[in-house]
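Structure first, commentary second.
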Amino acid sequence: MSSFQTSPGTRDILPPHAGRWRALVQVFADGVESAGYENIIPPMFEDLGVFQRLGDATDVVTKEMYDFMDKGGRHIALRPEHTASVCRAFAQHRPTPPWKVWYSGPNFRYERPQAGRYRQFDQVGIEVLGVDDSQLDVEVIALGWDFYKSIGLSNVSLIVNSLGDAGDRGRYIEALGAYFTTHSEMLSEQALATLERNPLRVLDSKRPEDAPAIAGAPTIGAFLSTDAAAHFAAVCAGLDSLNIPYVINERLVRGLDYYQRTTFEFVSGSLDSAQNAVGGGGRYDGLVEDLGGPATPGIGFALGVDRTLLACDAEECFSYGFPVLDVFVIDTTGGSHAMSITHQLRQGGFTADRAFEGRSMKSQMKSADRSGAQVAVIIGDTEAEESTCTVRNLSTSEQTTIPSTELQSHLASVLGQRQPRRHTP
RNA sequence: GUGGGCGUAGCUCAGUUGGUUAGAGCGCUAGGUUGUGGUCCUAGAGGCCGGGGGUUCGAAUCCCCUCGUUCACCCCA
């Protein structure tokens with residue numbers, strides 16, 4: 001046992017998993033960039049106040065924040081999510097709306113780790129600021145939906161709801177609180193505690209004993225203003241016209257307090273754990289203003305990278321093959337030929353590797369085999385003396401010896417032409 | 001924060017009612033093959049049995065504490 005291990009809720013993403021991870025982010029980036037979204041990289045920590053705007057009643061703010069005083073006496077917090085940072089960035093830099101951005105990176109929440117839940121966890125996501133149009137809601141949801149399709153996930157369902165405008169939400173929460181209070185004898189102890197902080201969140205309880213009370217609770221639909229109801233109907237109609245299947249669930253309330261109007265969640269049917277929500281988002285029209293910016297509508301979503309990959313494992317999709325080399329260079333004369341040949345091949349655009357420490361021919365051949373290289377280039381005493389090299393096809397075991405000067409052109413004819421590396425001027 | 005399961009080699013795991021020097025498979029290294037991989041054979045390296053305390057002549061094994069991990073609640077991606 002080594003002296004140090006990763007801190008609870010964190011882990012090393014090792015190869016080959018890290019390669020698959022990066023590939024997933026790449027697919028996401030390609031998808032949203034083709035829709036006009038540009039990358040934003042906010043800092044990993046901010047003034048605590050930025051995140052307190054997420055809501056006093058959310059656990060994310062009240063008990064899960066990684067916060068500390070820095071040496072300058074500032075109260076700092078590691079970001080628990082990206083949305084608040086993006087809105088802070090908008091308020092700070094005032095870019096011209098519409099501002100369409102995407103991000104990818106780690107977030108931090110102090111929770112007890114379990115399946116699909118870590119203290120440092122990665123999300124990819126998008127945010128759009130400055131557009132109040134139900135068609136944008138449809139675009140955002142569609143981009144999330146299309147991403148899951150593009151990595152091969154089929155067992156993901158989309159759940160949508162509307163929380164109405166700020167006023168609707170307030171009236172609904174009031175009615176909900178009144179209802180649960182009169183039925184408090186039907187609620188679990190935990191649900192009663194939740195009721196104190198935020199009646200909306202009681203709807204999230206997974207405890208069976210709370211189910212009857214929740215089933216009889218008033219639903220948000222009846223409280224929507226004319227505007228909010230029309231907005232939601234337009235979103236649903238848009239999803240219909242794009243043939244994106246969805247389920248309306250009036251019990252869907254998202255975890256952060258800033259959501260208004262459209263909210264949605266992507267749930268994997270292949271994850272039997274409690275963490276089956278692989279992504280979620282919604283509209284947050286008041287957040288930029290809360291952070292000191294101009295009144296600006298906003299909408300976005302975040303997808304959990306870990307959970308998405310867990311879902312891929314369950315559905316056996318988005319498999320990742322480790323990168324295969326073009327060439328493995330074997331040198332039994334001490335290694336200096338391998339050093340120069342791999343360097344030249346890499347400059348010529350070939351992927352190439354070699355062994356070190358002057359190992360035996362057999363050992364180097366094993367390394368070549370494990371590397372997955374298509375051909376081995378072999379330099380032994382004979383080749384060194386004659387300025388030749390032996391090129392061996394590792395799948396057919398055929399090999400020929402050629403003059404060293406013809407190596408690159410020979411490889412190009414065997415493996416196909418490669419683009420030489422160029423240096424940016 | 002609350003509750004349950006589990007910690008033995010790099011990995012997956014055996015280990016009898018407590019009893020000498022803790023094992024296997026895979027992986028790794030080397031040799032069999034005086035320049036040639038994937039199969040096969042042989043050998044080798046690699047363990048504070050998570051950590052600390054206790055019971056005992058004797059503890060991987062029993063007890064307590066602790067740390068880690070895992071699952072659920074809570075909450076969330």
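In what follows, chains are A, B, ... by sequence order, proteins preceding strands, each numbered from 1. Just so it is clear, the values below take in all heavy atoms, side chains as well, and ignore hydrogens, waters and symmetry mates.
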Considering just the side-chain nitrogens and oxygens of [X], establish if one lies under 4.0 Å of OP1 or OP2 belonging to [N].
| X | N | answer |
| --- | --- | --- |
| A:Gln114 | B:A72 | yes |
| A:Ser360 | B:A30 | no |
| A:Arg392 | B:G38 | no |
| A:Ser363 | B:A30 | yes |

Assess whether one donor atom and one acceptor atom, taken from the side chain of [X] and the base of [N], lie less than 3.5 Å apart.
| X | N | result |
| --- | --- | --- |
| A:Ser371 | B:G37 | no |
| A:Arg370 | B:G27 | no |
| A:Arg201 | B:C74 | no |
| A:Gln399 | B:U36 | yes |
| A:Arg117 | B:C75 | yes |
| A:Glu64 | B:G1 | no |

Interatomic distance where [atom1] belongs to [X] and [atom2] belongs to [N] [whole Å]:
| X | N | atom1 | atom2 | result |
| --- | --- | --- | --- | --- |
| A:Glu111 | B:C71 | CD | P | 14 Å |
| A:Arg359 | B:G31 | CZ | P | 10 Å |
| A:Leu325 | B:G37 | CG | C1' | 15 Å |
| A:Asn393 | B:U36 | CG | C1' | 14 Å |
| A:Lys362 | B:U29 | NZ | P | 11 Å |
| A:Asp12 | B:G10 | CG | P | 16 Å |
| A:Leu24 | B:A77 | CG | C1' | 13 Å |
| A:Tyr148 | B:A77 | OH | P | 11 Å |

*Which of parallel (below 30°), tilted (30 to 60°) and perpendicular (above 60°) describes A:Phe90 and A:Trp99?*
tilted
Complement of [N], any strand, by Watson-Crick or G-U distances under 3.5 angstrom:
| N | result |
| --- | --- |
| B:G44 | B:C28 |
| B:U2 | B:A72 |
| B:G19 | B:C57 |

Say we look at [N] and [M]: how far apart would their [atom1] atoms be, to the nearest angstrom?
| N | M | atom1 | value |
| --- | --- | --- | --- |
| B:G44 | B:A60 | C1' | 25 Å |
| B:U61 | B:G15 | C1' | 9 Å |
| B:A59 | B:C49 | P | 12 Å |
| B:A43 | B:G54 | C1' | 43 Å |
| B:G25 | B:C40 | P | 13 Å |
| B:U12 | B:U39 | P | 22 Å |
| B:U29 | B:C71 | C1' | 39 Å |
| B:C62 | B:U70 | C1' | 25 Å |

*More than 12 heavy atoms of other groups within 6.0 Å of A:Phe45 CZ*: no
Hey, are [X] and [Y] close enough for a salt bridge, meaning a charged N less than 4.0 Å from a carboxylate O?
| X | Y | result |
| --- | --- | --- |
| A:Arg109 | A:Glu111 | no |
| A:Arg20 | A:Asp313 | yes |
| A:Asp168 | A:Arg171 | yes |
| A:Arg88 | A:Glu46 | yes |

*Looking at A:Trp145, is A:Lys149 sitting on its ring face, NZ or CZ under 6.0 Å from the six-membered ring centre and within 45 degrees of the normal?*
yes
*asked:* Given the ring of A:Tyr110, does A:Arg119 sit roughly above its face, with NZ or CZ under 6.0 Å from the centre of the six-membered ring and within 45° of the axis?
replied: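 Yes, a cation-pi geometry.
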So [X], base contact, sugar-phosphate only, or nothing? Heavy-atom distance under 4.0 Å.
| X | result |
| --- | --- |
| A:Leu394 | base |
| A:Phe328 | nothing |
| A:Gly279 | sugar-phosphate |
| A:Thr194 | sugar-phosphate |
| A:Gly125 | nothing |
| A:Glu357 | nothing |

*Looking at B:A72, B:A77, B:G38, which one has an atom nearest to any side-chain atom of A:Ala115?*
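My answer, after comparing the listed nucleotides, is B:A72.
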_Nearest to the A:Gln5 side chain among B:G38, B:G68, B:U36, which nucleotide is it?_
B:G68
